[in-house]
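Residues: numbered from 1 along the sequence shown.
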Amino acid sequence: MRTISQVAKLTGVSVRTLQYYDEINLLNPSQLTSSGYRLYDDEDLKKLQQILFFKELDFKLKEIKTMIEQPDFDQIEVYKKQKQLLSLKRDRLNKLISLLDRLAKGEPCMSFTEFDLSEYIDALEQFKKTDADQVIKYWGSIENFEKFIERVREDEPRLAQLAVKQFGSVEKYTEAMKDNLAHFSELMEQADTMRENIDELMKKNNELYAQLTDDMSRDASSPAVQGILAEIIEFSQQSLMNREMGDGYWDMIIESYENETNKGIVDQKYGAGASDYIAKALRCYFHR
């Protein structure tokens, strides 16, 4: 058995972090002494190691907790999968480091092969084979879907850069897109329902933004403004059917309001300076 301080020294995980893991029931010590000190056994350390591997792969603590609490959780199989994912991540990082080395030396290098969407493209190809009925229903024909895949291939460098910007990495983007494909039929049914109510949704969206920009003399960080913004964000998330849109999604939305072309459209609709005001309010909300 090891004390929390001994575990922290052995693993490099801080005592406060271990305490937090205990508080959220992610990693509870096997024993508590009569004085209330936490004691960890070898099984606890194995679980901590598993958590650290997941963290290295950028999983959130809530996601890790859900996975390791699954009744069919197979530790050996998870190790194998983690090894595969970490190997992919290592290979990508090695390519990026090599590219940065060349750029740091002043070499002209416009390579974008390091931002590779091949795994996502493979998932699209697999979707074409296993869900041909869905492909035909929503793309009209297999040929149309193949043209869509070809456009993804042709535009891969730009799409990969956007994926990194929105999701933080191509791997996260690919996982999100795979999840969308796995629930494609359900998502499309929800989208069809929303399209039927598009006028009502647009009206609600416009009303919320009109409230936000009704008095732009208010401090963008004030509780009143931020309260309206919270409603907008919740409504937007519902409109996106609560899909995972990536950590950088709202940063991209903010940038769109700061884009000169979009400014004219937004300002004409909600008043002069509305676009900058919305961007400022969003920055306060997400970066406070």
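E69 places no side-chain N or O within 3.5 Å of a backbone atom of T66 that could act as its donor or acceptor partner. Side chain of D41 to backbone of M1: no donor-acceptor contact under 3.5 angstrom is found. A donor-acceptor contact shorter than 3.5 Å links the side chain of S275 to the backbone of Y257. Proximity of a side-chain donor or acceptor of Q226 to a complementary backbone N or O of A220 within less than 3.5 Å is detected. Side-chain N or O atoms of N259 include one that pairs as donor or acceptor with a backbone N or O of N262 at under 3.5 Å. D247 contributes no side-chain N or O that, together with a main-chain N or O of F167, makes up a donor-acceptor pair within less than 3.5 Å. Under a 3.5 Å cut-off, the side chain of R218 and the backbone N or O of L212 do form a donor-acceptor pair. Looking at N197, its side chain never comes within 3.5 Å of a backbone N or O of E200 through a donor-acceptor pair.
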Begin with the C-alpha distance, continue with both residues' side-chain angles, and end with the deciding distance and a verdict on salt bridge (Lys or Arg N to Asp or Glu O under 4.0 Å) for E260 and K263. CA-CA 5 Å; E260 290 301 324; K263 276 186 181 183; 3.5 Å; yes
Using the rule given for salt bridge (Lys or Arg N to Asp or Glu O under 4.0 Å), can you reason through K147 versus E154, listing the C-alpha separation, both sets of side-chain angles and the distance that settles it, and then say yes or no? CA-CA 10 Å; K147 289 177 182 177; E154 292 172 355; over 6 Å; no
Full working for side-chain contact (heavy atoms from CB on, under 4.5 Å) between D42 and R2: CA-CA 9 Å; D42 287 346; R2 294 177 174 85; 3.3 Å; yes
In sequence, state the C-alpha distance, the side-chain angles, and the governing distance for T33 and R38, and then conclude on side-chain contact (heavy atoms from CB on, under 4.5 Å). CA-CA 7 Å; T33 68; R38 297 172 174 85; over 6 Å; no
Are L159 and L117 close enough, and set up right, to give a side-chain contact (heavy atoms from CB on, under 4.5 Å), and what steps lead you there? CA-CA 8 Å; L159 291 176; L117 286 179; 3.7 Å; yes
Quick one: do E175 and K172 satisfy salt bridge (Lys or Arg N to Asp or Glu O under 4.0 Å)? Show the steps, please. CA-CA 5 Å; E175 286 304 310; K172 283 187 175 181; over 6 Å; no
Would L48 and Y21 count as a side-chain contact (heavy atoms from CB on, under 4.5 Å) here? Give the steps. CA-CA 9 Å; L48 176 59; Y21 288 174; 4.1 Å; yes
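Looking at heavy atoms from C-beta onward, L61 lies in side-chain contact with K55 at the 4.5 angstrom threshold. Side-chain contact between T174 and M177 is absent, with no heavy-atom pair separated by less than 4.5 Å. In this structure, the side chains of Y285 and S221 stay at 4.5 Å or more apart for every pair of heavy atoms. Taking the side chain as every heavy atom from C-beta outward, F145 and L124 approach each other to under 4.5 Å. Y209 is not listed as a side-chain neighbour of L229, based on a closest heavy-atom distance of 4.5 Å or more. By the 4.5 Å heavy-atom criterion applied to side chains, R283 and E258 are counted as neighbours. Between Q134 and F127 the shortest side-chain heavy-atom distance falls below 4.5 Å. Within the 4.5 Å cutoff, no side-chain heavy atoms of E231 are placed close to those of E234.
Under the ring pair (Phe, Tyr, Trp, His ring centres under 6.0 Å) criterion, F53 pairs with no residue at all, not counting sequence neighbours.
Under the 4.0 Å criterion applied to side-chain N and carboxylate O atoms, E77 and K80 are assigned as salt-bridge partners. Ionic pairing of K128 and E125 is present here: one or more N-O contacts between side-chain nitrogen and carboxylate oxygen are shorter than 4.0 angstrom. Salt bridge status for K165 with E255: present, with a side-chain N to carboxylate O gap under 4.0 Å. Salt bridge R90/E56: absent, no basic N to carboxylate O contact under 4.0 Å. One finds a salt bridge joining R158 and D155 here, because a Lys/Arg side-chain nitrogen approaches an Asp/Glu carboxylate oxygen to under 4.0 Å. Between K60 and E63 there is no salt bridge, since no side-chain N of the basic residue sits under 4.0 Å from a carboxylate O of the acidic one. Contact check on E23 versus R16 returns a salt bridge, with a Lys/Arg side-chain nitrogen under 4.0 Å from an Asp/Glu carboxylate oxygen.
For the residue pair D44 / S30, a side-chain donor-acceptor distance below 3.5 Å is found, with atom types taken as modelled. Under 3.5 Å, the side chains of N25 and D22 contain no donor-acceptor pair of N or O atoms. Side chain to side chain, D214 and Y270 fail the donor-acceptor criterion of an N or O pair below 3.5 Å.
Here the closest heavy-atom approach between residue Y277 and residue D215 is recorded as OH-O, 3.8 Å. Nearest approach of A272 to M216, heavy atoms of both residues: O-CE, 3.5 Å. The shortest heavy-atom contact between K65 and I24 is CE-O, 3.0 Å. When all heavy atoms of V15 and A8 are compared, the closest pair comes out as CG2-CB, 3.8 Å.
Taking OH from Y138 and OG from S185, the interatomic distance works out to 6.0 Å, rounded to the nearest 0.5 Å. Distance CD1/I278 to NZ/K280: 13.5 Å, rounded to 0.5 Å. Interatomic distance, L26 CG to I64 CD1, rounded to the nearest 0.5 Å: 6.5 Å. To the nearest 0.5 Å, atoms SG (C284) and CG (D219) are separated by 7.0 Å. Between the CD atom in Q238 and the CE atom in M194 there is a gap of 8.5 Å [rounded to 0.5 Å]. To the nearest 0.5 Å, atom CE of residue M188 and atom CG of residue N180 are 8.0 Å apart.
Put simply, I232 and I265 are part of two different groups of oily side chains (I, L, V, M, F, W, Y) that touch within less than 4.5 Å, one to the next. The hydrophobic cluster containing L45 does not contain L32, counting ILVMFWY residues as joined when their side-chain heavy atoms lie under 4.5 angstrom apart, directly or transitively. In this structure, L27 is not a member of the same hydrophobic cluster as Y37, with clusters built from ILVMFWY side-chain heavy atoms closer than 4.5 Å. Cluster annotation: L39 is not connected to L18 through the hydrophobic network of ILVMFWY side chains, with a link wherever side-chain heavy atoms come within less than 4.5 Å. I76 is connected to F54 through a chain of hydrophobic side-chain contacts under 4.5 Å among Ile, Leu, Val, Met, Phe, Trp and Tyr, so both are in one cluster.
Within a 6.0 Å sphere centred on NZ of K178, other residues, nucleotides and ligands contribute more than 12 heavy atoms. More than 12 heavy atoms of other residues, nucleotides or ligands sit less than 6.0 Å from atom CD of Q6.
Close placement of the F184 and W139 rings is indicated, their centers lying within 6.0 Å of each other.
Relative orientation of the Y173 and Y120 rings is perpendicular, given thresholds of 30° and 60° on the angle between their planes.
The hydrophobic cluster containing M252 also includes L162, under a criterion of side-chain heavy atoms closer than 4.5 Å among ILVMFWY residues, counted directly or through chains of members.
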